[in-house]
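Everything below concerns the one structure shown next.
Below, chain A is the first sequence line, B the second, and so on; all start at residue 1. This one's a predicted model, so the numbers in the text were calculated from it and none came from an experiment.
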Amino acid sequence: MEFERPRGTRDFLFEEMRQRKEAENTLRRVFENYGFGEVQTPLFEDLKLFTTKSGEEIVDQLYNFKDKGGRDLTLRPEITAPISRLYLNEMQKSAKPIKLYYYGSCFRYERPQKGRFRQFWQFGCELIGAKSPEGEAEVIAMCNSSLEALGITTAEINVNHLGIIRGLFKHFDIDEATQREIMIVIDKGDKELLKESLIGENPIIKDNSELNEVLLKLIDMVGDSSIIKDIEELVSPYEEARDALEEFKELVDTLKSFQVTNYKLNLGVARGLDYYTGIVFEVYVQGLGAQKQVCGGGTYNLVKLFGGEDVASTGFALGFDRLMNAIEELGGKKELPPMVNTYVAAISDSTRQKAFEITQNLRNADIPTEVDLSRKKFKKILSYANKLNVKNVVLVGERDLEEGNVTVKDMESGEQEIVAVEDVAEYIKSNL
RNA sequence: GCCGGGGUAGGGUAGGUGGUCAUCCUACAGGACUGUGGAUCCUGUGACUCGGGUUCGAAUCUCGGCUCCGGCCCCA
């Protein structure tokens, strides 16, 4: 009987795991530097938590199941809904703003492809109860810092404010279902398709060429902060969009103060779901194939959707696996030092017990150390130690031991030094 | 769910018009070498993705499953 990994899952071996941990720690450092604290929620949740947020349709992309008590549960497909639930359950009375972050795996039943797995990891944050351009600017700044810290220099942050387009819809009194339909088309990012949907043979919104024209121009606006005035010009006749535009302008000013320059305003960025009303942003890294989006975020009001009070939240989630792809693609993997730097080798059977003692002494002195556990011959031990790439090998032999000594061999230079047993730790510390 | 391309020892591969013992590199284990690694040599371990079909005979042809890769759909 042979067992295989479930489809769309991966095993991580030592080297890859170390690279992932390195990236993970880098992100933790950045997030904590911004004052965010880590939380953890369960891997599975009530199925309704996700269907309430995203609709019944998502069930066929979930790993859902009934437990023995008949409860409908599911492995989480994302972590923002659990965070909102956590907030409702435990943190409603906490001082605002609340800044939290999380790292963990999510599960989706989807067709695996490059950058897409059935178990994948998300690293994300939420800033709860601070709806303001500065809250949004800080979150975007942290996203930018994260990408910089990881060395992903080719990332582009694209920022939009959905209030502008929502304002236009409101001005023209477009119903919600139609809004959703249009947002979905915008979200696809296909200009031709959008053109067809707006001004083609069978447009989604009929008899409103003014709105269609404005929309088409609007979603085409991409560029640095200088395009704000173009946007302003375009939407100034529609007062319902003005507040959002003001917020957008403030965000741009505040991003400058937060020293974020690596971003674009992109009026074509949308998100499929209704609860995004304010700013949204997405980060793309070219060269990652079809799954180039490494981050999605924005301001939304999920808590209200789940029956809580009206509290806005700004956050983003990084697709950790895609970040790892990007790092790999950019050749930014770090050279990691060997796991251990010292090996203790008994030269003969009679000195083996002494070798264990010395090993423990070194470990107690915080020197990562390995010792032979398979009774290999001395030559094989050295050969093995060489493969581990250790710096020092402590040779424990009878002749030296009679004098209370061992020989420490430097594996890079090949030089050897006779050292008293009690001084080994100190000697090795000075020779790493 | 759909389209296309792959799956040969632990890793990387050759073979492919059906027919000796399925090739080589590497890895791993042992030895040459009982207190000295990296080199060399020798020996050993270890594979045709699974199932059906065609055939005297299938790694090879054929159909299907599984799975991997790329793309579509979707992307909370």
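A stem is defined here as three or more consecutive Watson-Crick or G-U pairs, each with both distances under 3.5 Å; for RNA chain B these stems are B:1-7 with B:66-72, B:10-12 with B:24-26, B:27-32 with B:40-45, B:49-53 with B:61-65.
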Just distance, no hydrogens or angles: give the donor-acceptor pairs under 3.5 Å from side chains in residues 308-317 of chain A, sequence neighbours left out.
from, atom 1, to, atom 2, distance (Å)
A/D310, OD1, A/N301, ND2, 2.2
A/S313, OG, A/E126, OE1, 2.8
A/T314, OG1, A/T299, OG1, 2.8

For residues 379-389 of chain A, run the donor-acceptor check on the side chains, cut-off 3.5 Å, and write out each pair with its distance to 0.1 Å, sequence neighbours left out.
none

Distance-only donor-acceptor hits, side chain of residues 408-425 of chain A, under 3.5 Å, sequence neighbours excluded:
from, atom 1, to, atom 2, distance (Å)
A/K409, NZ, A/Q416, OE1, 3.3
A/D410, OD1, A/E412, N, 2.8
A/D410, OD1, A/S413, N, 3.1
A/D410, OD2, A/K391, NZ, 2.9
A/E412, OE1, A/K391, NZ, 3.4
A/S413, OG, A/E415, N, 3.1

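Applying the side chain to side chain donor-acceptor pair (under 3.5 Å) test to A/E38 and every residue at least two apart in sequence or in another chain returns A/R28, A/Y101. With sequence neighbours excluded, the residues satisfying side chain to side chain donor-acceptor pair (under 3.5 Å) with A/E247 are A/H161.
A heavy atom lying under 4.0 Å from RNA chain B marks the following residues of residues 100-114 of chain A, by number: A/R108, A/E110, A/R111, A/Q113, A/K114. A heavy atom closer than 4.0 Å to some atom of RNA chain B occurs in A/K53, A/S54, these being the qualifying members of residues 50-57 of chain A. Scanning residues 423-432 of chain A for heavy-atom distances under 4.0 Å to RNA chain B yields an empty list.
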List every contact pair, protein side and nucleotides 6-10 of chain B side both N or O, where the distance is under 3.5 Å.
none

Every protein N/O within reach of nucleotides 32-43 of chain B N/O, cut-off under 3.5 Å:
from, atom 1, to, atom 2, distance (Å)
B/rC33, O2, A/K379, NZ, 3.0
B/rG35, O6, A/R399, N, 2.5
B/rG35, N2, A/D400, OD2, 3.4
B/rU36, O2, A/K409, NZ, 3.0
B/rU36, O2, A/Q416, OE1, 2.8
B/rU36, N3, A/Q416, OE1, 2.6
B/rU36, N3, A/Q416, NE2, 3.2
B/rU36, O4, A/Q416, NE2, 3.1
B/rG37, OP1, A/K379, NZ, 2.1
B/rG37, N1, A/M411, O, 2.7
B/rG37, N2, A/N386, OD1, 2.6
B/rG37, N2, A/M411, O, 2.9
B/rG37, N3, A/N386, OD1, 3.2
B/rG38, O4', A/N386, ND2, 3.0

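For the pair A/R118 and A/F107, the cation-pi criterion (under 6.0 Å, within 45° of the ring axis) is not fulfilled.
Residue-level contact check: A/A385 touches neither bases nor backbone, having no heavy atom under 4.0 Å from any strand.
Applying the side chain to side chain donor-acceptor pair (under 3.5 Å) definition to pairs two or more places apart or across chains, those involving residues 6-18 of chain A are A/R5-A/D11, A/R10-A/D321, A/E15-A/Q19.
Taking only side-chain nitrogens and oxygens, A/K380 never comes nearer than 4.0 Å to OP1 or OP2 of B/rA29.
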